[in-house]
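So that the names make sense, note that chain A is the first sequence line, chain B the second, and so on, each numbered from 1.
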2 protein chains.
Amino acid sequence: MALSREQVVATAVDLLRRYGLGDLTMRRLARELGVAPGALYWHVANKQELLVEVADALLAEIAVPPPGQPPEEALAGLAVSLREALVQVPDAADVVGLAYAVEPGATRALRELARLVHDTGVPASERDKVAALVVHHVLGSVAGEQNRGLAARADPELSPPDPAGEAKAFEVGLAVILRGVTR
Amino acid sequence: MALSREQVVATAVDLLRRYGLGDLTMRRLARELGVAPGALYWHVANKQELLVEVADALLAEIAVPPPGQPPEEALAGLAVSLREALVQVPDAADVVGLAYAVEPGATRALRELARLVHDTGVPASERDKVAALVVHHVLGSVAGEQNRGLAARADPELSPPDPAGEAKAFEVGLAVILRGVTR
DNA sequence: ACCTGAACACCGTTCAAGT
DNA sequence: ACCTGAACACCGTTCAAGT
C-alpha cells in the first residue's frame, strides 16, 4: 500500500518520542518506513514542514479543560497539562517552539489558552502578550528540565532533575504570572 | 602563530553573528581560521562545549545595571538589555538556552539577575523559580521574534515583526511578572 | 604541543528514470 | 501518482602521522 502523509507524520512522532530530535532524520524515517529517502519528499515539502506537523500532532493530544471552572483555574490546568504532555517527549520544546512561531493559533490547545487568558479579564491589548508569556514559561520549563536531564546523564557530578520539584517550580512561576494578571 | 581557544571561540561568535547557527559548523569554522577541521579538537572537546563558550561570550558583553536603583527597576532594565543584546544575534536563544540549562549561574549577567530577584523581596524558596521565569521570557521572546522574522522572509504573505512592537510586548510580559512578584 | 590528511559514518535535498 | 537509485554538497569526530 502507498505511503500517506499521515503515516509519515505518525512515524516521525514515534521516532521523536523514542529517540529524540537527533534521531529524527529524513533518512532514518525513510528506513523506518521501508522506503528510499527521496520518497518522503513526495508527501512533505521538507524537514521543517514535517516538524511543524509533528508539533501539531503533539499538541492535538492535549485535552482542553472542561467548562464551568473559573478561567484562572482552567488556564492553570491547561498550562500544567501542556507541560506534562511535552516533558514526556524529548526535545518537544524545540519542535513546538518552531511551530508556535510559525503559526501561534494553529492548534486547539493554543487557541484555547488564548481564549482563557481573555476570560481572565486581561485587557485586549495585552491578551496575546500574556498568552505568549505563558507559552514561553511552558516551553522554557520543559527545555530546562530536559536539558538538565541530559546534562546529568553526561556528567555524574550533577544530580538528575526531580520531576516533582520541576513540576512545583513550574507552578510557582505560573502563579506569579496569574497574580500579575489579576492585578 | 598557534591557534588559541579564545581565538576559536571568538571566530565562532563572529560566524554566529553573521550567518547564524546553520553556518556555525566545525568545518566552516576551521576554514575561517585556515586550519584543518581536526585542529579544532585540540582546543575544544566538541561542538557542544564550544557552543557553551559562545553563549558565555555573548552574555559577558551585557552591562550590569548601575547600583542605586530600586531592585524592580534594575531587574527590568537588565532583562531589557539582555533581550536587546540577544535579538541582534541569530539563534542566540537556542545557544544561550543550552548554556543556561547546563550552568545557570555561570555568567555575571545571570547571577546579577538572580541577585536582583532576591532584592525585590521574593521569598527564598521562590527566588530561582522567578529568575528562571524571567530568563524563559527573555529567551522565548527572542526566539519568537527571530522565528517570525525567518518565517516572514520565507513567506511573503506574512508581515515581518516590528522591532518596537516586539520590545513593547516583551515589556508588557515583564510587567506582569513584576506585578505578580511584588504581591 | 599543535596540526594535517584521510577516513568513518552520517546528513537534507534533488531529480531523472522507472512503474 | 508514487517511488527508486544515484548523486550533490555537506556534516561531527577520530586518529595515525607529521613537525
Side-chain angles (χ1 to χ4, degrees), chain A residues 1-55 90-91 94-95 97-99 101-102 147 150-151 153-155, chain B residues 1-55 90-91 94-95 97-99 101-102 147 150-151 153-155:
Chain A
M1 219 264 293
L3 213 56
S4 69
R5 182 182 235 249
E6 291 71 39
Q7 212 180 145
V8 170
V9 172
T11 307
V13 170
D14 204 61
L15 235 32
L16 182 68
R17 254 186 226 292
R18 293 211 305 240
Y19 311 108
L21 203 48
D23 283 294
L24 175 42
T25 69
M26 297 303 270
R27 299 181 101 105
R28 180 77 201 278
L29 181 54
R31 211 186 324 138
E32 208 78 8
L33 288 162
V35 297
L40 300 177
Y41 289 84
W42 204 92
H43 298 279
V44 127
N46 49 45
K47 189 173 182 179
Q48 145 119 304
E49 186 186 296
L50 173 65
L51 289 178
V52 171
E53 289 290 315
V54 167
D91 304 306
D94 294 330
V95 177
L98 221 187
V102 176
N147 280 333
L150 289 184
R153 230 157 294 151
D155 178 357
Chain B
M1 217 261 297
L3 212 56
S4 71
R5 181 182 237 252
E6 291 71 38
Q7 210 182 146
V8 170
V9 172
T11 307
V13 170
D14 203 60
L15 235 30
L16 181 69
R17 253 185 227 292
R18 292 210 305 240
Y19 311 108
L21 204 47
D23 283 293
L24 175 43
T25 69
M26 297 303 270
R27 300 181 102 106
R28 180 76 200 279
L29 180 54
R31 211 186 324 140
E32 209 77 8
L33 289 162
V35 296
L40 300 177
Y41 290 85
W42 203 92
H43 299 278
V44 126
N46 49 45
K47 189 174 181 178
Q48 144 119 306
E49 185 185 296
L50 173 65
L51 289 179
V52 170
E53 289 289 317
V54 168
D91 304 305
D94 293 330
V95 177
L98 222 187
V102 175
N147 280 333
L150 289 183
R153 230 156 295 151
D155 178 356

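- Across residues 3-33 of chain A, A:Leu3, A:Arg27 each have a non-hydrogen atom less than 4.0 Å from an atom of DNA chain D (numbered order).
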- [ ] Walk me through it: do A:Leu50 and A:Leu40 pass the test side-chain contact (heavy atoms from CB on, under 4.5 Å)?
- [x] CA-CA 10 Å; A:Leu50 173 65; A:Leu40 300 177; over 6 Å; no

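- What you find for B:Val9 and B:Glu53 is that their closest heavy atoms are CG2-CB, 3.7 Å.
- The side chain to side chain donor-acceptor pair (under 3.5 Å) contacts involving residues 38-48 of chain A comprise nothing, where partners must be two or more places apart or lie in separate chains.
- B:Glu6 meets the side chain to side chain contact (heavy atoms under 4.5 Å, CB included) test with B:Ser4; sequence neighbours excluded.
- Residues B:Ala39 and A:Gln48 each lie close to DNA chain C; by heavy-atom proximity, the contact nearer the 5' end of the strand is made by B:Ala39.
- Taken to the nearest 0.5 Å, the CG atom of A:Leu150 stands 7.0 Å off from the CG atom of A:Asp91.
- A pairwise comparison of heavy atoms in B:Asn147 and A:Ala101 identifies CB-CB, 3.1 Å as the closest pair.
- The same atom, C1', is picked in D:dC11 and in C:dA7; the two are 14 Å apart, to the nearest Å.
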Show me the donor-acceptor pairs, under 3.5 Å and distance only, between side chains in residues 11-29 of chain B and residues at least two apart or in other chains.
residue : atom : partner : partner atom : Å
B:Thr11 : OG1  : B:Gln7  : O            : 2.8
B:Asp14 : OD2  : B:Arg18 : NH1          : 2.9
B:Arg17 : NH2  : B:Glu61 : OE1          : 3.0
B:Arg17 : NH2  : B:Glu61 : OE2          : 3.3
B:Arg18 : NH2  : B:Glu32 : OE2          : 3.3
B:Thr25 : OG1  : B:Arg28 : N            : 2.9

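- Contacts between chain A and DNA chain D, taken as any atom within less than 4.0 angstrom of a protein heavy atom, begin and end at D:dA1 to D:dA7.
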Open item on the list: Can you give me the dot-bracket string for DNA chain D, 5' to 3', counting Watson-Crick and G-U wobble pairs with both distances under 3.5 Å, using [ ] for crossing pairs and | for partners on another strand?
Closed with: ||.|||||...|||||.||

